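For the numbers below, each heavy atom of this structure counts, side chains included, while hydrogens, waters and symmetry mates do not. Predicted, not measured: the structure shown is a model, and the values here were computed from it.
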Amino acid sequence: MGRLKKLIGARIKEIRAKRGMTQEQLSARTNIALSTICRLENGVNMPREENLEALSKALDVNIDAFFKFEHYEGDRNSRIVKIFDMLHKLKDDEIVMVQKIISSFLG
């Protein structure tokens, strides 16, 4: 659950920043304590359902926007694992092509 809290918090912060809103402004618009906003954005607390609803209204997004974090694919190791999984789906000739591409990056 720790990683999920951090991802959701990062999305809340990202959306808030895109709206040009401070944490204080978000707190005022949602009636959620500023300290709670800080803990949510830092991934310390998991947002309760009523807080997600208030945040979605204040930020003018659907609740599911807080759960779209494909671009936060994680650390280096999880990216390598994902690439490895994708490679397993390729045909032999496609793997050769990928190997050549990677070799060209490594020079």
NZ (K68) and CD1 (I15) are apart, to the nearest 0.5 Å, by 9.5 Å
query = Can you find a heavy atom in the side chain of I12 that is under 4.5 Å from one in the side chain of I37?
reply = no
Q | Short side-chain to backbone donor-acceptor contact, R39 and N45, under 3.5 Å | A | no
All heavy atoms of C38 vs all of Q23, minimum pair found to be SG-OE1, 3.1 Å
| query | What do you reckon, is CD of E94 surrounded by more than 12 foreign heavy atoms closer than 6.0 Å? | reply | yes
Here the gap from L55 atom CG to I32 atom CD1, rounded to the nearest 0.5 Å, amounts to 4.0 Å
Q. Within a radius of less than 6.0 Å around CG of D64, do more than 12 heavy atoms belonging to other residues, nucleotides or ligands occur?
A. yes
Here the pair of heavy atoms bringing R19 nearest to D60 is NH2-O, 3.5 Å
Closest non-hydrogen contact found for K6 with N42 is NZ-O, 3.9 Å
*asked:* Counting only heavy atoms not in E49 (residues, nucleotides, ligands), do more than 12 fall under 6.0 Å from its CD?
replied: no
Task: Minimum side-chain heavy-atom gap F67-N62 below 4.5 Å - done: no
| Is V44 close to K5 at the side-chain level, that is, under 4.5 Å between some pair of heavy atoms? | no
Task: K18/E14 salt bridge by N-O under 4.0 Å criterion - done: yes
Is there a donor-acceptor pair under 3.5 Å between the side chain of R11 and the backbone N or O of A65?
yes
So CG of N31 and CD of E50: to nearest 0.5 Å the spacing works out to 12.5 Å
(Q) Is there a path of hydrophobic side-chain contacts, each under 4.5 Å between heavy atoms, that joins I63 and L26? (A) yes
Just so I know, are the side chains of L90 and M97 near enough to count as touching, which here means a heavy-atom distance under 4.5 Å? no
In short, L59 meets F66 closest at the heavy-atom pair CD1-CE2, 4.0 Å
* Got R16 and Q25 here, is their nearest side-chain heavy-atom distance under 4.5 Å? -> no
Output for pair (K100 NZ, I102 CD1), nearest 0.5 Å, gives 13.0 Å
message: Does R29 have more than 12 heavy atoms from other residues, nucleotides or ligands lying within 6.0 Å of its CZ?
response: no
Exercise. For the hydrophobic clusters of this structure (ILVMFWY residues joined by side-chain heavy atoms under 4.5 Å, transitively), does one cluster hold both I101 and I83?
Worked result: no
Requested in this report: May I ask you to decide if L34's main-chain N or O and S27's side chain share a donor-acceptor pair within less than 3.5 Å?
Outcome: yes
Distance col, row K57:NZ vs L52:CG, nearest 0.5 angstrom, shows 12.0 Å
